[in-house]
There are 2 protein chains.
Amino acid sequence: MSTLAEENYLKCIYHLSLNSENVSTNQISASINTRAASVTDMLKKLADKELINYTRYQGVSLTPAGEKIAVHIIRKHRLWEYFLVEKLDFKWDEVHEMAEEMEHISSMELVDRLDKFMGYPKYDPHGDPIPDSNGQFKKHDLQPVSTIGVNDTGVISGVRDHSPGFLQYLEKQQLTIGKKITVTEINTYDHSMVLEIEDSEIHISREVANNLLITL
Amino acid sequence: MSTLAEENYLKCIYHLSLNSENVSTNQISASINTRAASVTDMLKKLADKELINYTRYQGVSLTPAGEKIAVHIIRKHRLWEYFLVEKLDFKWDEVHEMAEEMEHISSMELVDRLDKFMGYPKYDPHGDPIPDSNGQFKKHDLQPVSTIGVNDTGVISGVRDHSPGFLQYLEKQQLTIGKKITVTEINTYDHSMVLEIEDSEIHISREVANNLLITL
DNA sequence: TTATAAATTTAGACAAGTCTAAATTTTATG
DNA sequence: CATAAAATTTAGACTTGTCTAAATTTATAA
């Protein structure tokens with residue numbers, strides 16, 4: 001099997017791959033807070049194990065084997081986050097660090113039983129889809145609130161920024177998963193928006209609008 | 001905090017301390033499947049951190065700080081075992097390895113919430129007491145079935161051998177935690193015993209009688 | 001009570017994963 | 001398109017936790 005460090009690299013490469021086809025050493029370095037030289041070393045190990053495609057100076061991508069492991073780690077991470085919020089009553093901004101540890105518990109059987117225990121949830125507390133035991137999941141069609149116009153409506157379904165600070169802000173503003181919002185006003189100067197949500201009005205900045213995701 | 005390896009050494013020393021005041025390098029070596037030379041290295045590290053009392057060639061004992069960590073690891077191990085059996089429907093012989101991983105999840109808050117979620121259980125699936133969040137627990141007064149005589153009765157409350165093989169045997173014979181047994185016969189030649197349990201009779205060997213623990 | 005066996009420790013080495021500093025390759029710019 | 005800047009890799013070193021082999025200490029037994 002893979003070591004803890006290997007799993008973290010694969011997961012990191014997976015996430016970065018969602019934005020760019022090939023992932024650079026520096027991107028990984030920044031993302032996991034590790035020097036580029038160390039990243040290079042690890043990339044060689046992962047390439048030897050055929051978990052990534054790697055050519056010097058050209059960045060990397062996951063092989064099917066590498067992606068399978070990455071998705072399984074993400075499955076575990078999101079299931080444990082769901083468990084922590086739904087069963088142990090943690091808030092959505094408190095669970096990330098704990099799940100970072102729990103995602104490395106190895107037993108497949110355990111994950112599947114946990115999944116069953118919770119009723120096979122489809123999304124984690126932040127709206128991210130939970131892969132099933134075969135690694136399948138539908139990425140739902142999300143877009144930032146900032147992309148819709150006045151009088152358009154949507155349902156809050158995810159976040160782009162998972163930081164506790166942002167999540168706490170959303171919680172305080174009642175901007176939580178599942179809420180229906182309507183854009184009532186857009187300020188052309190700073191692109192801030194006014195949203196209608198459950199009969200009250202909320203003013204959000206462009207930055208918030210960029211990081212809050214909705215389905216139409 | 002402590003590393004994974006350090007936590008395992010402390011836990012190991014704690015368990016061995018239950019039988020002998022001072023624990024020897026070789027005992028630890030055998031128990032965690034690591035060469036005595038490596039154990040010596042780690043003992044020096046733990047002594048530097050003042051988690052154990054160590055004098056060369058004389059064996060070790062836990063300091064209060066070391067014991068506190070060990071008991072906390074054991075608390076986590078037993079709570080997760082309870083979770084796996086009671087919530088995820090694993091059998092009592094299946095959970096040890098998984099709990100060995102889970103016991104190293106660090107969040108204190110998580111453990112306490114897990115404890116609450118399950119209703120503050122007092123004993124794990126093998127009858128071992130679960131320390132509370134202050135590290136307190138009462139070791140109940142157990143004795144091997146082999147120590148009682150004909151017509152004596154007891155309630156199965158623990159096991160001395162935690163191996164899957166032994167646990168599976170007990171399960172098959174219905175010799176599970178909470179069952180009331182009465183000794184109806186003792187074979188003086190091989191010390192095997194006949195037990196009455198829920199109106200049926202079971203023949204057990206001396207070895208089994210030594211590893212099955214009861215309260216009177 | 002001394003020789004021998006057993007237990008323990010020291011010495012030196014290694015793998016994993018990280019680091020800094022220097023070298024190399026790629027990219028961007030004047 | 002040549003060269004400076006940025007990105008990446010190589011080289012060499014360090015820490016943790018392990019190992020083997022050899023030395024040392026303690027325990028045992030004739």
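Reminder, nothing fancy here: chain letters follow the sequence lines and each chain counts from 1.
Residue A/Asn26 places no side-chain N or O under 4.0 Å from the OP1 or OP2 atom of D/dA6. Taking 4.0 angstrom as the limit, A/Lys44 places none of its side-chain polar atoms (N or O) nearer than this to OP1 or OP2 of D/dT9. The phosphate of C/dT8 has OP1 or OP2 within less than 4.0 Å of a side-chain N or O from B/Ser24. OP1 and OP2 of C/dA16 both lie 4.0 Å or more from every side-chain N or O belonging to A/Lys45. Not one side-chain nitrogen or oxygen of B/Arg56 sits closer than 4.0 Å to the OP1 or OP2 atom of C/dA7. When the side-chain nitrogen and oxygen atoms of B/Thr40 are compared with OP1 and OP2 of C/dT9, one or more of them lie within a distance under 4.0 Å. Taking only side-chain nitrogens and oxygens, B/Tyr54 never comes nearer than 4.0 Å to OP1 or OP2 of C/dT8. Considering only side-chain N and O atoms, A/Thr25 lies under 4.0 angstrom from the phosphate OP1 or OP2 of D/dT9. Using a 4.0 Å cut-off, no side-chain N or O of A/Tyr57 falls inside it from OP1 or OP2 of C/dA23.
Cation-pi check for B/Lys87 over B/Tyr82 is not met; the charged atom does not lie both under 6.0 angstrom from the ring centroid and within 45 degrees of its normal.
Between the CG atom in B/Leu142 and the CD1 atom in B/Ile214 there is a gap of 9.0 Å [rounded to 0.5 Å].
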List the atom pairs, donor and acceptor, that lie under 3.5 Å between side-chain atoms in residues 36-46 of chain A and the rest of the protein, sequence neighbours left out.
unit_1: A/Thr40; atom_1: OG1; unit_2: A/Ala36; atom_2: O; d: 3.2

Would A/His126 and A/His162 satisfy ring pair (Phe, Tyr, Trp, His ring centres under 6.0 Å), going step by step from the backbone distance to the final call? CA-CA 8 Å; A/His126 312 106; A/His162 289 68; 5.4 Å; yes
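For B/Ala37, whose side chain is taken as the heavy atoms from C-beta onward, the closest listed nucleotide among C/dT26, C/dT9, C/dT18 is C/dT9.
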